[in-house]
Amino acid sequence: MRKVFIAANWKMNKTIGEAQSFLSEFVPLVHGVRDVDIVIAPPFTSLHAASSIIKGAANIQLSAQDIFYKDEGAYTGAISPVMLTDAGCTFVIIGHSERRQYFSDTDEVVNKKIKTARRYGLNVIFCIGESLKERETGKTKDVLSSEIDEGLKDIPLEGIVVAYEPIWAIGTGKTATLEQAQDAHRYIREKLASIYGNRAREIRILYGGSVTPDNINSLMNCKDVDGALVGGSSLDVNRFADIVKYRERQKD
Ligand code: 13P
């Protein structure tokens, strides 16, 4: 019922030339993949160049890694929703823990950014997740609950994909266990159901945090894991293609 969704978050990596050579190789590698929504999120500077390469590939969409919540104006350094759609984006990542940590994106800012993105028809990959300290002190569910309450306040469910990214698993090589992942995803779906009712069954919940070609298959076997948001392993074209093609590799 929920189509698998696998996204590459390149973070602050790759020049325009590097993005172009990655995508020129990647598009033919995943040409036959029809059962996965594939999304690539390069840095702003590479969006336009990336868009012209993936334009012909029906199974790949483009995402930005952030957005500003104003429509336009005197906001030095910021990127508006129109600029993103103009560059070819259909998605934007909002609320990533690195934005929350290094750029002070609060839940309130995240909520404003999601509202603005949706107003312009951009789909949103909305990121939530607990720190190690929060997990160790038993606060995981409280954190997820309040990030959902605040981040999605007054926002309809259409066009939203949720990414659960435990902060302690990001870039650390320490993936959540299958039980931890499924437990968090089940909780997130229950929480969404308490707000949106039955339609929460349709929403895709991605796992993010040290996803690799070796662990994608078992993560995808968790009932409430509908896809992945991949950082480090998405920077190498063969590794990311292997992640996207996890089902085919399973048959080998
Ligand atoms: P890694 O895959 O490098 O752990 O990063 C995960 C992430 O933050 C994706 O948004």
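For ligands, and for the atoms within them, numbers begin at 1 and follow the listed sequence. Only heavy atoms go into these numbers, but all of them, side chains included; no hydrogens, no water, no symmetry mates.
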- Step-by-step ring pair (Phe, Tyr, Trp, His ring centres under 6.0 Å) determination, Tyr187 to Tyr164: CA-CA 11 Å; Tyr187 176 74; Tyr164 168 61; 10.0 Å; no

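Looking from atom 3 (O) of ligand 1 to the surrounding protein, the closest heavy atom is Gly232 N, 2.8 Å. Looking at atom 7 (C) of ligand 1, its nearest protein heavy atom turns out to be Glu165 OE2, 3.1 Å. For atom 5 (O) of ligand 1, the closest non-hydrogen atom on the protein side is Lys11 NZ, 3.2 Å.
Near Gly171, meaning under 4.0 Å from any of its heavy atoms, are these atoms of ligand 1: 1 (P), 3 (O), 4 (O). Listed by number with element, the atoms of ligand 1 under 4.0 angstrom from any heavy atom of Asn9 are 9 (C), 10 (O).
Neither the backbone nor the side chain of Ser234 has a heavy atom within less than 4.0 Å of ligand 1.
For a threshold of 3.5 Å applied to N or O pairs, the pair formed by Ser210 and ligand 1 contains at least one separation below that value. At least one N or O atom of Gly231 sits closer than 3.5 Å to an N or O atom of ligand 1. For the pair Gly209 and ligand 1, the shortest N or O to N or O distance does not fall below 3.5 Å. Taking any N or O of Ser233, backbone or side chain, none lies under 3.5 Å from an N or O belonging to ligand 1. Residue contacts with ligand 1: Leu229 is placed with no nitrogen or oxygen under 3.5 Å of a nitrogen or oxygen of the ligand (distance criterion only). Checked against a 3.5 angstrom limit, the closest N/O atoms of Glu98 and ligand 1 fall outside it.
Side-chain polar atoms of Gln65 and Trp10 form no donor-acceptor pair below 3.5 angstrom.
Side chains of Arg100 and Val110 form a contact here, defined as non-hydrogen atoms less than 4.5 Å apart.
Note on Ile67: it clusters hydrophobically with Phe126, by side-chain heavy-atom contacts below 4.5 Å among ILVMFWY residues.
No more than 12 heavy atoms of other residues, nucleotides or ligands sit less than 6.0 Å from atom CZ of Arg201. The environment of Glu108 atom CD is sparse: at most 12 non-hydrogen atoms of other residues, nucleotides or ligands sit within 6.0 angstrom.
Thr116 and Phe68 make their closest contact through CG2-O, 4.1 Å (heavy atoms, listed as atom of the first residue, atom of the second, distance). Contact record, Ser51 with Gly88: OG-CA, 3.8 Å, taken as the closest heavy-atom pair.
Both cation-pi conditions hold for Arg99 and Phe103: the charged atom is under 6.0 angstrom from the six-membered ring centre and inside a 45 degree cone around its axis.
Remark: distances from the non-hydrogen atoms of Ala7 to ligand 1 are all 4.0 Å or more.
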